[in-house]
Protein chains: 2
Amino acid sequence: MKLTDKARKIEQGILDRLREKGYKLTLQRREIISILAQDSSHPRAADILLKARKRAPRISVSTVYYTLAMLKKEDLIREIEFYDMDNRYDINVSNHLNLICEKCGRIEDYVNELPLSSLDIEQRSNFQPFRFRLECYGVCSKCRKSKK
Amino acid sequence: MKLTDKARKIEQGILDRLREKGYKLTLQRREIISILAQDSSHPRAADILLKARKRAPRISVSTVYYTLAMLKKEDLIREIEFYDMDNRYDINVSNHLNLICEKCGRIEDYVNELPLSSLDIEQRSNFQPFRFRLECYGVCSKCRKSKK
DNA sequence: TTGTGTGCAAAGCATTTGCAATACT
DNA sequence: AGTATTGCAAATGCTTTGCACACAA
C-alpha cells in the first residue's frame with residue numbers, strides 16, 4: 001500500500017467518524033485533517049497552520065487549535081505536550097514509544113512491542129491507568145551522522 | 001531504615017556532591033535540598049517556595065528555580081515538565097514510570113522493573129537514547145475510593 | 001434558519017531573564 | 001576580595017479565550 005493510499009484511508013476514516021458525530025466538515029477542518037493524515041513527523045500547530053494556508057489562506061491560529069482540540073477529544077489524534085517546545089500532534093493514537101531528538105526536535109515512533117501492561121499496573125499499584133506517555137530523549141540517526 | 005534517616009542520607013549525598021563541585025551552600029539551597037529530600041510527592045516549585053519560606057522567609061521565586069535548575073543540571077533531581085500544570089521535581093533520578101492522577105495531580109513512582117532497554121532501542125532504531133520520560137495517566141487509589 | 005465554526009485580538013501564566021545587591025568561600 | 005547567588009520586577013511566548021461574524025447542515 002502506497003503512503004498516499006494509507007493517508008487517504010486515514011483521512012477518510014476521520015471524516016466518516018466526524019460526520020457520524022455531527023461535526024461540520026468545513027474547508028478548514030478538511031484541510032487540517034488531510035495535512036495530519038499525510039504527515040507522520042508529529043507536526044506543530046504552526047506547521048499545520050502554514051501548510052493549511054496554502055489552500056485556506058485566511059485560516060487562523062485559533063481554528064487550528066480548535067480543530068486539533070476537537071480531534072483530540074474524539075481520540076482521532078494525540079497531542080504531545082511540551083512546556084519548552086511547541087506541542088506536537090500525532091495521528092498514531094496507539095500506545096507507543098516516541099523517540100525524540102534533542103538536537104533537531106524530530107520525533108519518530110518506536111515500532112517494537114511495548115512490554116508495559118495496563119493490567120499489571122492496575123493489579124500491582126491500585127492505580128487505574130488510562131493512557132501512557134512514553135518518550136525517549138536522545139539523538140536521532142540523522143543528527144548522529146552530521147558531525148557529532 | 002526510617003523515612004527521616006533515608007531523607008537525611010539523600011540530603012547529605014547531595015550536599016557532599018555540591019561541595020565537591022564547588023557550589024556555594026547557602027541557607028536557601030540547604031533549605032530547598034532538605035525539602036526535596038523529605039518530599040516524595042514530586043512537589044511543584046510553588047510548593048517548595050512555600051515550605052522554604054518557613055525557614056528562609058525572604059527566599060524568592062527565582063532562587064527556587066535557579067537552584068532547581070542547578071540540581072537538575074547536576075543530575076541530582078529530575079524535572080517533570082508539563083505545559084498545562086506546574087512542573088514537578090523528583091529526587092528519584094532513576095528511570096522509572098510515574099503514575100499521574102488526572103483527578104488530583106498526585107504523582108507516584110511505579111516501583112516494578114521497567115522492561116525498556118536503551119540497548120534494544122539503540123540497536124533496533126539507530127537512535128541514541130539518553131533518558132526516558134515514562135508516564136501513565138489515570139486515577140489514583142485515593143480518588144477511586146472517594147466517590148466514583 | 002440556527003447554532004457550530006471561524007478569525008481577530010487580547011489575555012493567561014508558569015517560568016525565565018536582566019540587573020543590582022548580597023554573602024559564601 | 002571576588003564571584004556565585006539572591007531577590008525583585010519585567011519579559012516571554014505558545015496556547016487559550018471572548019466576542020462578533022460567517023457558513024455548513
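In what follows, chains carry the letters A, B, and so on, assigned in the order in which the sequence lines appear, proteins first and then strands, with residues in each chain numbered from 1. Both backbone and side-chain heavy atoms feed into the values below; hydrogens, waters and symmetry mates do not. This is a predicted model, so every value here is computed, not measured.
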Using atom types as modelled, flag every donor-acceptor pair under 3.5 Å from a side chain in residues 61-68 of chain B to any protein atom, sequence neighbours excluded.
unit_1 : atom_1 : unit_2 : atom_2 : d
S62(B) : OG     : S60(B) : OG     : 3.3
T63(B) : OG1    : S60(B) : OG     : 3.3
T67(B) : OG1    : T63(B) : O      : 2.9

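- Judged purely by distance below 3.5 Å, without hydrogens or angles, the side chains of N95(B) and R133(B) never pair a donor atom with an acceptor atom.
- Rounding to whole angstrom units, CD of residue E81(B) and C1' of dT16(C) are separated by 13 Å.
- In this structure, I32(A) places its CD1 atom 11 Å from C1' of dG5(C), rounding to the nearest Å.
- In this structure, the CZ atom of F82(B) is 21 Å from the P atom of dC14(D), given to the nearest Å.
- Screening I10(A), L18(A), I91(A) for a side chain to side chain contact (heavy atoms under 4.5 Å, CB included) involving L76(A) leaves a single residue, L18(A).
- A side-chain donor-acceptor contact under 3.5 Å links S34(B) and Q38(B).
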Could you list, one pair per line, each protein nitrogen or oxygen that sits under 3.5 Å from a nitrogen or oxygen of nucleotides 19-25 of chain C, together with the distance?
unit_1  : atom_1 : unit_2 : atom_2 : d
dC24(C) : O2     : K24(B) : NZ     : 3.2
dT25(C) : OP1    : L25(B) : N      : 3.1

Determine all donor-acceptor pairs shorter than 3.5 Å in which one atom belongs to a side chain in residues 25-32 of chain B; sequence neighbours excluded.
unit_1 : atom_1 : unit_2 : atom_2 : d
T26(B) : OG1    : R29(B) : N      : 3.2
R29(B) : NH1    : K24(B) : O      : 3.0
R30(B) : NE     : L25(B) : O      : 3.4
E31(B) : OE1    : R55(B) : NE     : 3.3
E31(B) : OE1    : R55(B) : NH2    : 3.2

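- Of the residues in residues 39-66 of chain A, those with a non-hydrogen atom less than 4.0 angstrom from any atom of DNA chain D are S62(A), Y65(A).
- One atom, NZ of K73(B), and another, C1' of dT5(D), lie 14 Å apart when rounded to the nearest Å.
- Separating the OH atom of Y83(B) from the C1' atom of dT16(C) is a distance of 20 Å, rounded to the nearest angstrom.
- With hydrophobic clusters built from ILVMFWY side chains whose heavy atoms lie under 4.5 angstrom apart, I107(A) does not share a cluster with F127(B).
- Separating the CE atom of M85(B) from the P atom of dT15(C) is a distance of 11 Å, rounded to the nearest angstrom.
- A donor-acceptor pair shorter than 3.5 Å cannot be found between the side chains of Y110(B) and E108(B).
- Contact between the side-chain N/O atoms of N87(A) and the OP1/OP2 oxygens of dT15(D) is found at a separation under 4.0 Å.
- When hydrophobic residues (I, L, V, M, F, W, Y) are linked wherever their side-chain heavy atoms come within less than 4.5 Å, the members clustered with V139(B) are F130(A).
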Atom pairs and distances, side-chain donor-acceptor, residues 79-88 of chain A, under 3.5 Å, sequence neighbours left out:
unit_1 : atom_1 : unit_2  : atom_2 : d
E79(A) : OE1    : K72(A)  : NZ     : 2.6
E79(A) : OE2    : N87(A)  : ND2    : 3.4
E79(A) : OE2    : Y89(A)  : OH     : 2.9
E81(A) : OE2    : K72(A)  : NZ     : 3.3
N87(A) : OD1    : F82(A)  : N      : 2.9
R88(A) : NE     : H42(A)  : O      : 2.3
R88(A) : NH1    : G105(A) : O      : 3.0
R88(A) : NH2    : S41(A)  : O      : 3.3
R88(A) : NH2    : H42(A)  : O      : 3.4
R88(A) : NH2    : G105(A) : O      : 3.2

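- The nearest whole Å value for the distance from the CG atom in L68(A) to the C1' atom in dT6(C) is 14 Å.
- One can place CG of D84(A) at 18 Å from P of dT12(D), the figure rounded to the nearest angstrom.
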